[in-house]
Number of protein chains: 2
Amino acid sequence: MGSSTARIEAAENRCAQQGVKLTERRREVLSALIEAGGALSAYELLDRCNKRLSKSMPAMSIYRILDFLQSHSLVHKLKSNNKFIACAHIDCDHQHFSRSQFFICSDCPAVEEINIDTSAYEFMRKAAEQAGFSLSNTQLEFTGSCQRCTNNGGQPE
Amino acid sequence: MGSSTARIEAAENRCAQQGVKLTERRREVLSALIEAGGALSAYELLDRCNKRLSKSMPAMSIYRILDFLQSHSLVHKLKSNNKFIACAHIDCDHQHFSRSQFFICSDCPAVEEINIDTSAYEFMRKAAEQAGFSLSNTQLEFTGSCQRCTNNGGQPE
DNA sequence: TTCAACCTTGATATATTGTATCATTCTCAG
DNA sequence: CTGAGAATGATACAATATATCAAGGTTGAA
């Protein structure tokens with residue numbers, strides 16, 4: 001995972017490739033989220049953006065922009081806690097998977113995004129099939145405690 | 001999964017064993033949720049309860065009662081869609097697992113609750129460990145389409 | 001029995017998260 | 001330039017959830 005600017009640049013490139021625009025507002029939002037280094041709620045992100053911008057924007061804009069960023073896999077929404085996080089693979093060269101897994105710390109904003117191997121997914125797909133379900137979204141979220149919070153006895157700093 | 005009354009009775013027994021009370025209100029809420037046959041939002045459940053009860057209750061009560069029911073594994077909260085569902089294993093004789101998996105239909109209230117085998121979980125636990133995370137909650141939610149909605153082309157009836 | 005402690009529920013207010021809608025501004029191809 | 005479509009602003013509101021204090025009920029011990 002490169003520097004903040006490297007990731008923004010990679011996001012620019014990916015948008016250009018897809019024929020969509022990473023406007024100034026969108027870049028500001030993505031950049032604030034990347035620099036947060038973890039998961040933020042929409043309104044937390046809004047506050048951060050508005051604090052460092054000359055012209056503040058309404059809540060509606062954050063949601064619209066987050067929708068855009070999600071639809072281009074630059075941001076993920078964590079349903080466990082209604083927070084948003086910058087994709088960890090914006091500037092990776094490898095293929096992006098639709099199957100992301102997140103380890104979410106319940107005591108701090110830390111989130112780890114990984115990609116499980118295919119066999120575990122295939123296992124679940126078959127189990128679903130037996131129950132008559134065809135899976136669409138396979139984003140998995142696990143809650144727990146990150147190393148730092150585990151060592152602190154679960155106390156945020 | 002037995003009849004509605006069988007499940008309520010089983011819930012009574014489990015509460016009694018644990019030395020807690022399944023009060024009238026709690027029984028009403030659980031029973032409404034069981035009879036719904038799928039996932040409901042807190043306010044949908046509130047509406048159903050209040051429609052069939054002589055004395056209506058405030059929203060706060062639903063949340064309190066749902067907290068109680070969740071803490072005794074009689075109800076689960078689906079974080080994917082902020083809905084609640086009666087545990088499918090209230091009146092099962094087998095051991096209750098803290099690891100539940102849900103297949104959630106995105107087009108109707110259908111939800112299937114299963115228990116994956118231990119190996120898949122163990123796989124994820126190790127992956128988390130490598131990332132410095134110790135998992136606590138392992139409820140997994142998969143979104144997709146149930147058989148009925150798949151056959152209807154995703155159209156709810 | 002009666003009182004006190006505790007648990008449960010009611011009532012009300014408010015916080016948090018997210019969407020609907022219409023107006024305004026921006027951008028860019030023709 | 002200009003007009004169509006995209007993006008944003010502004011405002012209202014819906015949906016989800018929590019905080020807090022008061023009132024009612026249960027239960028066990030004096």
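Labels below follow one simple rule: chain letters A, B, ... track the order of the sequence lines, proteins then strands, and each chain is numbered from 1.
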- [ ] Nearest whole angstrom, please: distance from the P of C:dT8 to the CG of B:L30.
- [x] 16 Å

Task: Atom pair distance, as rounded to whole Å: NE2 in B:H72 and P in C:dC7 - done: 12 Å

Open item on the list: Ignoring hydrogens and geometry beyond distance, is a side-chain donor-acceptor pair present between B:S4 and B:E35 at under 3.5 Å?
Closed with: yes

Open item on the list: Could you tell me how far apart B:N81 (CG) and D:dA15 (C1') are, to the nearest whole angstrom?
Closed with: 13 Å

Open item on the list: Taking 4.0 Å as the cut-off, does a side-chain nitrogen or oxygen of A:R25 come that near to OP1 or OP2 on D:dG9?
Closed with: yes

Open item on the list: On DNA chain C, does the nearest nucleotide to B:N82 precede the nearest nucleotide to B:M57 from the 5' side, or the other way round? Give the residue.
Closed with: B:M57

TODO: Verify the ring-centre separation between B:F84 and B:H76: is it less than 6.0 angstrom?
DONE: no

Task: Integer-rounded Å distance: C:dT16 C1' and A:D47 CG - done: 12 Å

Task: Distance, rounded to the nearest Å, where A:L66 contributes CG and C:dT19 contributes C1' - done: 14 Å

TODO: Report the distance from atom CZ of B:F68 to atom P of C:dC7, rounded to the nearest whole Å.
DONE: 13 Å

Task: Separation of atom NZ in B:K83 from atom C1' in D:dA15, rounded to whole Å - done: 10 Å

Open item on the list: Let's test your reading of the model: under 3.5 Å, does the base of D:dA19 pair with the side chain of B:Y63 as donor and acceptor?
Closed with: no

Open item on the list: Which nucleotide wins on minimum distance to the side chain of B:T23, given the candidates C:dA20, C:dG18, C:dT8?
Closed with: C:dT8

Open item on the list: Out of the candidates B:T5, B:V29, B:V75, B:I90, only one should pair with B:I34 under the side chain to side chain contact (heavy atoms under 4.5 Å, CB included) rule; please name it.
Closed with: B:I90

TODO: Check the distance between C:dG18's P and A:L78's CG and give it to me in whole angstrom.
DONE: 11 Å

